[in-house]
Amino acid sequence: MVTTVAGIVANGILLGLVYAIAALGLSLIMGVMGIINVAHSAFIMLGSFLALGLLEWAHIDPIASFFIALPIFFVVGAVVYRLIVTRVERAHQTQGLIAMFGLMVLIENLGTIAWTTDTRVITVGYSNANLTVGPLIIADAPLIAGVLAVVLILALRLFLHSTMVGRAIRAMGQNRDAALSLGINVRRLSAIMFGLGIASAGAAGVALAMIFPFAPQTQIQWLAWAFLIVVLGGLGRVESTLVSALMVGLIQTAATAFLPFDYVYLILYVALATILSVRRQGLRGVARRAI
Amino acid sequence: MFALFFLPSRHGQRRIVGGRLATLAIAAGLVGYGAMSSNLGAIDTLGTVFMYLVVTQAWNILGGYGGYLNFGMVTYFGIGAYASAVLFQYFGLSPFLTAPLAGAAAALFGLLIGIPTLRLRGAYFAVITIIITFAVQLLMLDLPFTQGALGIFLSPLAANPVFVERLFYFIFFALAATATTLVFAVENSNFGWALVAIREDEDAAEVIGVRTTAVKWTANALAAFMTGTVGGIYAQRILYIEPTGTFALDISLNVVLMAVIGGAGTWQGPVIGVPLVLLVAEALRVTVTSEVNRVIFSIIVILIALFVPGGIMGLLQEVRRRMRPLVRKSAGETMPRTGG
């Protein structure tokens, strides 16, 4: 019994860590820039296929791909920011939403053209290996993905709290106009922030690909999942996203131990609906209390 | 309480006269074509166009006028389809009779999910609607009376195929015409203006006395009813309902693409966007795959969001505005800049 519980907790935490990086980019971009990036999961999907491509063509291990993905997706994010987001960030919110929605549909269908709708898995040496700690058995792939997630979370948190640029980004999240009048280059920082959000999405795609099968057309489920975590946790804070992701991971592993997987989603949905109903203004109260 | 919403305005009546003849001519042409043509493929495609037109107009009410984008219209559609299919399965009722019930089921569901979600401001609502689609899809897989992934079979109508296709053509045509008229009425009513006020500035709208939550709930339930009704008839058309196909996210995405390309927030937008997207897709079907189609349309949507927020309709209005002389002398109208 104790072993079972310990196993559920360990696996739940590992899963939660990976979910945390899947949701982090969405949460930060939403909290700091006020943009709901519905194309977020499309970048997660691209990250998964980057890992697959690097593994098949260059025999690069997903662990390395995780770090390769970061700069690549940072650049992609900065480019998307310049090309699309700059034109809509001051416009009506629905306009930005529609632009990102178009981008999501575009990436998904380009992905389907390039890689078909087949479901893929990444198979490396440790994919089916287990680590045995006393009576506890933990699969290697989630363990490695979880460790990578911790590294990324710590790095992001350190960046946002201990560097000048990170602090400026947080200032911008709290009050964009005040930051602007203090001489902060809001545009450049927004590009960095957006790039970081997309970079973490791409890296999360690599980590998720180690654990779950993936296909271009299923990407939107990750948007739902990431958004659930963001809404449960509140916006823009690395810690709150981490906590709610760990909760979701634990709930999921605990529930899957006793219930069919389908119900996990329903449980989380009910939790979400409850939270939304209890908070009178929905999320608006926390929307601007970013980072 | 809602009677007040639908009072037509003088502004609206002036506009009716303009496009009335053209609209009537097109409608008459479509009725004639449906009755005369024996081209099964064309009738089938146009039937689908009308079906999508209803759903897109429904989306338009809350999405176009109210600025609350629903990325999960298929939820209402699927609930309608399932309501009809279940009523057929257990009570032998024809979906033609139960379509309003299907609409009512969807509307009830729309009200239920509206309570927590419509408190949220625009953008959150959009993503929540996607989550709800997944949740409902799972529910349909697991509920005892929906037969899970097996799905529900309906019996085909005992008539010749051309007649059946024509029947669906006219039913969907009538529904599309009704939906478009309804959206036209909304556009020119206090209800429509309340929605536009919500879209432009929800806090300000509330301050001037718009009951924002009630208006949003009404718009959402109305959209759910229209979409559910069409879903119910769709069940009879497709004859087989199962969770994956019925709750296909593609339907939700298509609806948004069509509305945005045509011009969200105008009654003409869906009338332009739906046929455009579907007929182009149909014409290109032989040469390119549906993914390539979707790539083209998604690029168009991005460009529209960036450069022409009003879609094709917005573009047309812009052109018309530029061609019109600055001073317009018509009865009862004063020039705004003279200051009386």
Side-chain angles (χ1 to χ4, degrees), chain A residues 26 30 34-36 38 83-84 87-88 91-113 117 216-217 220-221 223-228 230-231 260-266 268-270 272-284 287, chain B residues 63-64 66-69 71 112-113 115-128 130-139 141-142 199-200 249-250 252-254 256-257 259-260 264-265 288-307 309 311:
Chain A
L26 188 69
M30 227 150 113
I35 292 168
I36 299 203
V38 286
L83 285 181
I84 297 179
R87 293 178 210 277
V88 290
H92 198 276
Q93 202 180 24
T94 48
Q95 222 170 304
L97 202 56
I98 287 173
M100 298 322 283
F101 167 79
L103 186 65
M104 184 256 281
V105 178
L106 176 66
I107 294 175
E108 178 185 319
N109 284 283
L110 286 176
T112 314
I113 292 169
T117 53
Q217 74 281 7
I220 200 160
Q221 296 186 352
L223 176 68
W225 216 230
F227 193 76
L228 248 163
V230 173
V231 171
F261 176 75
D262 293 356
Y263 290 101
V264 180
Y265 222 120
L266 292 179
L268 286 170
Y269 174 67
V270 171
L272 179 74
T274 319
I275 288 183
L276 295 182
S277 316
V278 170
R279 281 188 187 159
R280 253 195 68 70
Q281 278 293 323
L283 284 167
R284 206 161 144 264
Chain B
Y68 275 70
L69 308 188
F71 287 155
L112 270 179
I113 61 161
I115 292 168
T117 58
L118 282 173
R119 285 168 191 277
L120 304 179
R121 295 298 162 103
Y124 297 96
F125 176 74
V127 188
I128 299 273
I130 299 179
I131 298 182
I132 291 169
T133 303
F134 291 134
V136 173
Q137 192 174 21
L138 286 175
L139 209 60
L141 269 170
D142 291 327
R199 179 184 71 197
E200 295 303 326
L249 205 67
D250 281 1
S252 300
L253 303 188
N254 284 340
V256 184
L257 290 182
V260 170
V288 299
T289 60
S290 62
E291 282 83 25
V292 177
N293 257 317
R294 201 72 72 65
V295 165
I296 297 168
F297 288 123
S298 58
I299 292 175
I300 294 177
V301 161
I302 297 175
L303 293 176
I304 283 179
L306 296 187
F307 304 109

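The chains referred to below are lettered A, B, ... by the order of the sequence lines, with proteins before strands, and numbering in each begins at 1.
In terms of non-hydrogen atom pairs under 4.5 Å with chain A, the most contact-rich of B/I304, B/I128, B/L139 is B/I128. Ranked by heavy-atom pairs shorter than 4.5 Å toward chain B, the options A/I220, A/L110, A/L223 are led by A/I220. Heavy-atom pairs under 4.5 Å with chain A were tallied for B/V256, B/I113, B/T289, B/T133; the largest tally goes to B/V256.
Minimum heavy-atom separation, B/A305 to A/V88: O-CG1, 4.1 Å. For the residue pair A/A99 and A/I84, the shortest heavy atom distance occurs at CB-CG2, 3.9 Å. Residues B/P309 and A/Q95 approach most closely at CG-NE2, 3.5 Å, considering heavy atoms.
Of the two parts of B/V260, only the side chain, counted from C-beta on, holds a non-hydrogen atom closer than 4.5 Å to a non-hydrogen atom of chain A. Both the backbone and the side chain of A/V105 have a heavy atom closer than 4.5 Å to some heavy atom of chain B. In this structure, the portion of B/I130 lying under 4.5 Å from any heavy atom of chain A is its side chain and not its backbone. Contacts of A/L83 with chain B are made by backbone atoms alone, with heavy-atom separations under 4.5 Å and no side-chain atom involved. For B/L249, the part sitting under 4.5 Å from any heavy atom of chain A is the side chain, from C-beta outward, and nothing else. Interface residue A/Q221: backbone and side-chain heavy atoms are both found under 4.5 Å from chain B. Interface remark: B/F297 contributes no atoms to any contact with chain A (heavy atom separation under 4.5 Å). Residue A/I98 touches chain B through both its backbone and its side chain, counting heavy-atom pairs closer than 4.5 Å.
Looking at B/R199, its side chain does come within 3.5 Å of a backbone N or O of B/G64 through a donor-acceptor pair. In this structure, the side chain of B/E291 does not engage the main chain of A/I113 through any donor-acceptor pair within 3.5 Å.
When side chains are defined from C-beta on, A/F227 does not count as touching A/V38, because their heavy atoms never get closer than 4.5 Å.
Residue pairs meeting the salt bridge (Lys or Arg N to Asp or Glu O under 4.0 Å) criterion with at least one member in residues 293-304 of chain B, sequence neighbours excluded: B/D250-B/R294.
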Note to self: side-chain contact (heavy atoms from CB on, under 4.5 Å) for B/I132 and B/T117? Distances and angles first, verdict last.
What the structure shows: CA-CA 10 Å; B/I132 291 169; B/T117 58; 4.0 Å; yes
